[in-house]
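The block underneath contains the structure these notes are about, expressed in structure tokens.
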Amino acid sequence: MKKSIFAVCDLEASYACNLTEYLNERKTTPFEVQAFTNVESLEKFASENEIEILLISTRAMCNEIRDLPINRTIILTEGEQISDLGYPLVYKYQSSDDILSEVMEYYVQDHPQPHILSLGARKTKLYGVYSPIGRTRKTSFALALGEILSESKKVLYLNFEEFSGFEELFQISYRMDISDLIYFLRQKEGGMIYKLNSVIQTFHELEYIPPALSPSDLRDVTGEEWLTFLKEVMSFREYDVLILDLSEQIDDLFRILKECDRIYMPVQEDMISQAKLKQYDHLVQMLDLEEIQEKTMRIHPPVQPLLRDGGELTQQLVWGEMGNFVRRLLWEEDGKHG
């Protein structure tokens, strides 16, 4: 199905083109994004094509634009004081992810029913990363795995830990997180594809949903709701792989593990860690879930110190010992399944 048009109009040509290029590179953006650097070209295009969303700078906005048959117009401001134009405003000088997030948030308010039912028929793989043992470098491994896989695939990373520490680690404050998506899903109003685009962030090519801020937000979600949520994501977004960085806080954890195509389990060899593993194995056997064991690979990720001033944290992982470990692991796995 052909994507609807998202038009960006700014008299600053480099800005319009760079923003458009970035949004189109995000292949999961549910629109075809077109750049315009003057009102005349926008008017001509609108006379021949239906524009679903127009993001236009205050300097380009004029009465002629108001008369165009555009479903949703949003003003791109530079922070200047402006009179009420009757349209929602988005600040121009922020990250492209944040701009898209705010635009999608405005859009979903008026369009709860999605125009795009699916962006692809391919089967998304679920990779679980879980360990009953603490301090195993599980999240470092999961992030490195996601970054490396995203070099050649479309990957979404989801963190289900009580305290991910992401805001502190990456020096970012999230407007919304995974709990907002669960709340939206509970309303049963449709439009999840647009809501997803208002929440998703990126580490380079790796897309991720910000983790929950409060542990209670995770405990409040049932296993059935998590599975419904994952199915929604896989229905509306063209991902090759979803990486689930799991924890015991997730309700019905074994049911989610059962749905995974592959499970990576970081482990330790000390006595206490081995005792925890034996208890886990015994429980899996009691629950008759040997299939989980069959697709679980127990791994020993390397210790790699991360430095605040050593560059972006995920890239330190990708190009350090952890990245080398992940690449060898994937190469061996590809050889087994090739």
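Heavy atoms only: backbone and side chains are in, while hydrogens, waters and symmetry mates are out.
Side-chain contact, Gln268 with His300: no donor N or O sits under 3.5 Å from an acceptor N or O. No side-chain donor from either of Gln285 and Gln293 sits under 3.5 Å from a side-chain acceptor of the other.
By the 4.0 Å N-to-carboxylate-O rule, Arg72 lies too far from Glu52 to be salt-bridged with it. A salt bridge is absent between Glu40 and Lys44; no separation between the charged side-chain nitrogens and carboxylate oxygens falls under 4.0 Å. Ion pair Asp251/Arg219 not flagged as a salt bridge, since none of the NZ, NE, NH1 or NH2 atoms sits closer than 4.0 Å to an Asp/Glu carboxylate oxygen. Ionic pairing of Glu205 and Lys154 is not present here: no N-O contact between side-chain nitrogen and carboxylate oxygen is shorter than 4.0 angstrom. Salt bridge annotation for Arg186-Asp220: present, with a cationic side-chain nitrogen under 4.0 angstrom from a carboxylate oxygen. Between Arg298 and Asp281, at least one side-chain nitrogen of the basic residue sits less than 4.0 Å from a carboxylate oxygen of the acidic one, meeting the salt-bridge criterion. A salt bridge is absent between Arg327 and Glu332; no separation between the charged side-chain nitrogens and carboxylate oxygens falls under 4.0 Å.
Between Phe31 and Tyr107, the gap from one ring centroid to the other is short of 6.0 Å.
For Lys92 and Tyr15, the positive end sits near the middle of the six-membered ring, less than 6.0 Å away and at most 45° from its axis.
Rounding to the nearest 0.5 Å gives a distance of 10.5 Å between CZ of Phe203 and CD of Gln315.
Although no hydrogens or angles enter the test, the distance criterion places a donor-acceptor pair under 3.5 Å between the side chain of Thr222 and the main chain of Glu225.
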Determine, stepwise, if the pair Glu161 / Thr139 fulfils side-chain hydrogen bond (donor to acceptor under 3.5 Å, both in side chains). CA-CA 9 Å; Glu161 295 184 307; Thr139 293; 3.0 Å; yes
